[in-house]
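Below is one structure, written out as structure tokens, with a few remarks after it.
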Amino acid sequence: MTLLVLVSAATMLFGVLVGAVRLTPDAIWTALLDPAAPGASIVRNLRVPRVILGFGVGGALAMAGATLQAVIGNPLAEPWLLGLSGGASLGAVMAVVIGLPAGWSVAACATVGALVAIVLVYRIAVVAGRRLDPRVLLLAGVVVGAFASAISAAILAVADPFTFRAAALWLFGGFAGASWGVVLRFLLAALPGVLVLIWLARSLDLLALGDETATALGADAGRVRRLAILTTAVLTALTVSVAGVIGFVGLVVPHAMRWLIGPLHRRLLPGVFLAGGSFTVLADAIARTALAPAELPVGVVTALVGVPLFAVLLRRSVG
Amino acid sequence: MTLCAREVTVHYPGADAPAVRAASLTLSPGELVVVAGPNGSGKSTLFSAMLGLQPLVGGAVTLDGRPVGDWSRPTFARQVGGLPQREEGAFPLRVREAVMLGRWARLGPFARVGSDDRSAVEGALARTRLLPLADRSTDTLSGGEWQRVRLARALAAEPRLLLLDEPGAALDLAHEMALFELLRELVIAGIGVLAITHHLNLATRYADRIVLLDRGTVAGEGAPAAVLTASLLSRVFDWPVSVQALADGSPHLIPLRRDEMDPDGSGSRPR
């Protein structure tokens, strides 16, 4: 865990170092200490908030993924694959189109979108089979996510250029909008969710054993699942409202961390938060620099890593 | 500390008949009760009803006179352990970690694992003879070893009552005998054990009481020798059965081959 904290600090530093404008470590150091130094504005008002936001968003997404995997009992579950991200982004797009001010109201609409999506996904999956089949659930998630994206795309097609620019962020994902205000708002809102999940950690250990066993061992399976899904929906919606749809962080990171520190959630969830943050900061650093001065959406980078892993996991879970 | 099912009826939505109909059953500390019956006679349904996992259409399940649904799940789990038949563990753990999960109901969300938690886990590992495997990963275990891990996990919670749904189903002769010996030890230590099994000949030699289920109702209950009569068993299992007394007086049942049956097909003793 100490190692993870060190790695996290190192990646955040690295995230501040790299960017379209080349700055030496020296220059960055002086910029951090002296607001009047050359490049200080870039470092202080662009890079540092961007890195912190990326870290928080990645950590929250990774925790959401780890939680969903436990409550659904399937290592393939993830906010994007379960349609949460798509629903949240549709909610955010709608908020912008009907002219709500950026900030809390967009986050609220995104949350509603994510919740509607997960309820729909559940309904579809439960109708398809009497017992909840995790694979049907994932399929329903992908379908609902695709449906939400299609509606978002349709709305944007008829939107005026200004709205389009503002709303496109939620479709492609990225941290270009990071500012101190956004960072503080996000961290403040996400903290309760993160704490709820850590409070649920031991119940998640039990839920991963299936409902009957979990209940026999003293977890109220239904209540824990509802609370966990509600919390992950809110966390996902918050990340979407500040950074758009970023897939696969919630898949790649928990998988790697379970292998490194084991599947018990009291250790796993904090570890996954740190690792998810680091992973996303790195992905964002790649997104900013790979084709500089053009910027890739960070979701492209996470998908490039995540999709091959998903394919491997899928094969293993079926075989 | 008594777990009591009174006139319990469970009807699955969409099913023609209730899975369990007006079934009554009690379990107290220090006794080994075996529940037996044909496939589909409602054994597993009654088991999950007694653990409060099943909505009831009629009747009630109470622990110390209080309905099971009124107990908080962690408090109930500290008194009554349950081992469902199936379990789909999503992530492999070390055996010792897996057994420690039995302590979560006692520890709550934040309490640190203490020395009494560790000694309960070590005790459960020792009782189930798992100490040599304690550091193995659960995905490398055989079916019998995994079953013992699940039993150890239930024991780590230090329940007063323990319910097991076909604990011996995947076990070979030696492992199943070891399992029943262990259940007997637990009973002597004062735990009340209820086990579902198809192995009536083992049940008769270990159980204090046998409950025979037939199409959702209790067809017979009492001491093994009183319940396991040829006529009742032949009727309930719909196959001619002969019952003989062993040297120690416990009944031993022999399902008959076709060529051993009486011409009228009711057959009660081998020729």
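Computed from a predicted structure; not experimentally measured. Letters A, B, ... are given to chains in the order of the sequence lines, protein chains preceding strands, and every chain is numbered from 1. These values consider heavy atoms only, across backbone and side chains, with no hydrogens, waters or symmetry-generated copies.
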Under 4.5 Å from any heavy atom of chain B, what part of [X] do you find: side chain, backbone, both or neither?
| X | result |
| --- | --- |
| A:L200 | neither |
| A:A201 | neither |
| A:R266 | side chain |
| A:A214 | neither |

For [X], is it the side chain, the backbone, both or neither that has a heavy atom under 4.5 Å from a heavy atom of chain A?
| X | value |
| --- | --- |
| B:F76 | neither |
| B:L53 | side chain |
| B:T75 | neither |
| B:L163 | neither |

If you measure from [atom1] on [X] to [atom2] on [Y], what distance do you get to the nearest 0.5 Å?
| X | Y | atom1 | atom2 | value |
| --- | --- | --- | --- | --- |
| B:R86 | A:E212 | CZ | CD | 7.5 Å |
| B:L93 | A:L264 | CG | CG | 5.0 Å |
| B:W104 | A:D205 | CH2 | CG | 6.0 Å |

Report task. May I ask you to name which of B:G102, B:G108, B:A98 has the most heavy-atom pairs under 4.5 Å with chain A? Result ->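 Highest number of pairs under 4.5 Å: B:G108.
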
On a heavy-atom basis, which atom in [X] and which in [Y] lie closest, and how many Å separate them?
| X | Y | answer |
| --- | --- | --- |
| B:P92 | A:P263 | O-CG, 3.3 Å |
| A:A70 | B:F91 | CA-CE1, 4.2 Å |
| B:A105 | A:L217 | CB-O, 3.4 Å |
| A:A216 | B:A77 | O-CB, 3.6 Å |

Assess whether atom [atom1] of [X] is packed by more than 12 heavy atoms of other residues, nucleotides or ligands within 6.0 Å.
| X | atom1 | value |
| --- | --- | --- |
| B:R160 | CZ | no |
| A:R223 | CZ | no |
| B:R215 | CZ | no |

Requested in this report: Decide yes or no for B:R153 and A:L209: does some side-chain heavy atom of the first lie under 4.5 Å from some side-chain heavy atom of the second?
Outcome: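 Counting from C-beta outward, B:R153 and A:L209 do come under 4.5 Å.
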
Query raised in the report: Is there a donor-acceptor pair under 3.5 Å between the side chain of A:R202 and the backbone N or O of B:L101?
Result: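 Such a contact is absent between A:R202 side chain and B:L101 backbone.
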
